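What follows is a set of notes on a single structure, which appears directly below.
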Amino acid sequence: MSQRSKNNSISILLVEDSPDDVVLLERMLGKANTVQFELTQCSTLSSALTLLSKESFEIILLDLSLPDCKGLDTVIRTHASVPNVPIVVMSALGDEEVAVRALQEGAQDYMVKGQVDSALLIRAMRYAIERKQAEDALRKTHDDLELRVQERTTELMVANEQLLQEIEERRKVEESLLKALKEVKILRNKLREE
């Protein structure tokens with residue numbers, strides 16, 4: 001759609017089967033002054049998933065009513081295929097329950113067609129990308145901390161096992177010393193008696 005700019009370009013996969021909606025979204029995106037967009041469009045979910053297995057995109061604009069997939073299943077399947085790519089649902093349905101469920105299934109935002117202008121769409125996409133990056137960073141930090149906790153737990157278990165072995169060895173030495181001391185006392189008493 002827009003000219004490619006290496007520094008200030010956002011790659012979008014638009015999964016939309018309505019040519020009118022595609023043209024409308026292209027016009028909205030074309031109004032952006034601060035960023036350019038590289039738009040790739042698929043009209044079915046299967047073609048989008050095939051493309052996503054070969055290419056990467058910074059964001060997905062996803063319609064819920066496609067020829068080969070309808071409703072929340074589009075979000076579920078897309079998110080399962082590329083969990084690290086933010087998804088903004090673009091739907092004709094203004095159903096709040098569906099919107100909440102879409103967010104629960106992995107979408108970053110839910111927008112109703114006809115109620116979106118250029119500025120809102122662009123802001124929603126940028127925020128979705130930022131939120132997803134923050135989530136990924138948080139998840140990575142969590143995973144790193146979890147790994148450190150596991151490593152530290154292993155180190156502590158090894159140290160604890162060594163300490164228990166050392167305690168057992170000291171106990172045995174102490175028993176030997178007490179036994180030797182007892183024998184010395186017995187010998188001393190025998191010597192006194194003689």
Side-chain angles (χ1 to χ4, degrees), residues 1-140:
M1 132 152 229
S2 296
Q3 308 84 1
R4 184 174 206 152
S5 169
K6 292 182 181 177
N7 296 335
N8 203 17
S9 176
I10 296 176
S11 60
I12 302 168
L13 175 60
L14 173 61
V15 187
E16 173 62 69
D17 65 323
S18 166
D20 292 339
D21 287 340
V22 172
V23 170
L24 181 63
L25 285 167
E26 285 178 337
R27 285 185 188 145
M28 283 185 196
L29 296 173
K31 293 180 181 178
N33 297 329
T34 58
V35 66
Q36 293 179 333
F37 300 97
E38 181 181 335
L39 185 69
T40 303
Q41 186 257 334
C42 292
S43 58
T44 64
L45 186 61
S46 59
S47 62
L49 296 179
T50 300
L51 184 60
L52 285 165
S53 70
K54 299 174 188 172
E55 294 184 36
S56 62
F57 295 88
E58 291 173 80
I59 191 161
I60 299 168
L61 295 179
L62 182 65
D63 185 18
L64 292 184
S65 182
L66 299 167
D68 61 342
C69 194
K70 303 270 187 242
L72 290 172
D73 197 39
T74 59
V75 177
I76 294 167
R77 290 177 57 195
T78 305
H79 182 68
S81 177
V82 285
N84 295 327
V85 180
I87 299 168
V88 172
V89 173
M90 296 291 296
S91 177
L93 298 173
D95 186 336
E96 192 169 325
E97 186 177 320
V98 172
V100 170
R101 290 278 318 279
L103 296 174
Q104 292 170 342
E105 296 296 343
Q108 287 290 319
D109 209 337
Y110 185 99
M111 308 192 85
V112 179
K113 295 176 185 178
Q115 298 178 9
V116 178
D117 64 13
S118 178
L120 181 61
L121 175 62
I122 292 166
R123 185 169 56 245
M125 287 192 311
R126 286 183 137 177
Y127 288 178
I129 291 168
E130 290 298 320
R131 273 193 309 274
K132 193 64 170 169
Q133 288 171 348
E135 284 176 9
D136 291 346
L138 186 61
R139 188 175 299 109
K140 183 183 181 322

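The model shown is predicted, which means the values in this text are computed figures rather than measured ones.
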Could you pull out all donor-acceptor pairs under 3.5 Å where a side-chain atom in residues 50-59 meets a protein atom, sequence neighbours excluded?
{"from": "T50", "atom 1": "OG1", "to": "S46", "atom 2": "O", "distance (Å)": "2.9"}
{"from": "S53", "atom 1": "OG", "to": "T50", "atom 2": "O", "distance (Å)": "2.6"}
{"from": "E58", "atom 1": "OE2", "to": "S11", "atom 2": "N", "distance (Å)": "3.0"}

Name all residues meeting the salt bridge (charged side-chain N to carboxylate O under 4.0 Å, His left out) criterion together with E135; count only those two or more places apart in sequence or in a different chain, and write none if there are none.
K132

Let me confirm one number: the CZ-CD distance from R123 to E130, rounded to the nearest 0.5 Å.
14.0 Å

Taking all non-hydrogen atoms of both residues, which atom of A124 and which atom of V88 are closest, and how far apart?
O-CG2, 4.4 Å

Given side-chain contact (heavy atoms from CB on, under 4.5 Å), test L62 with E16 step by step and report yes or no.
CA-CA 7 Å; L62 182 65; E16 173 62 69; over 6 Å; no

What verdict does the side-chain contact (heavy atoms from CB on, under 4.5 Å) test give for R126 and V35, after you've listed the backbone C-alpha separation in whole Å, the side-chain angles of each residue and the deciding distance to 0.1 Å?
CA-CA 10 Å; R126 286 183 137 177; V35 66; 3.5 Å; yes

Could you report the tightest heavy-atom contact between V75 and A107, atom names first, then the distance?
CG1-N, 4.0 Å

Keeping the roles fixed (side chain from D63, backbone from V15), state whether a donor-acceptor pair exists under 3.5 Å.
no

Looking only at non-hydrogen atoms, find the nearest pair between A102 and V89 and report the distance.
CB-CG2, 4.3 Å

For the residue pair E26 and L39, establish whether any side-chain heavy-atom pair is separated by less than 4.5 Å.
yes

For a quick test of reading the model, state the closest non-hydrogen atom pair linking L120 to D117 and the distance between them.
N-OD1, 2.8 Å

Output for pair (M125 CE, L121 CG), nearest 0.5 Å, gives 4.5 Å

Residue pair I60, I12: steps toward the side-chain contact (heavy atoms from CB on, under 4.5 Å) verdict:
CA-CA 6 Å; I60 299 168; I12 302 168; over 6 Å; no

Do you know the tightest heavy-atom contact between I122 and M28?
CD1-O, 4.0 Å

Checking side-chain contact (heavy atoms from CB on, under 4.5 Å) for the pair D109/R131: CA distance, chi angles, key distance, verdict?
CA-CA 10 Å; D109 209 337; R131 273 193 309 274; 4.1 Å; yes

Any pair with a residue in residues 75-102 that passes side chain to side chain donor-acceptor pair (under 3.5 Å), sequence neighbours left out, goes on the list, sorted by first then second residue, please.
S91-Y110

Gap between atom NZ of K70 and atom CG of L64 - 0.5 Å precision
10.5 Å

Indicate the atoms forming the closest heavy-atom contact of L45 with D68, along with that distance.
N-OD1, 2.9 Å

Can you tell me how far apart CG (L61) and CG (L13) are? Round to the nearest 0.5 Å.
8.5 Å

Rounded to the nearest 0.5 Å, what separates atom CG in D17 from atom OG1 in T44?
9.0 Å

So how far is it from E38 CD to T40 OG1, rounded to the nearest 0.5 Å?
5.5 Å

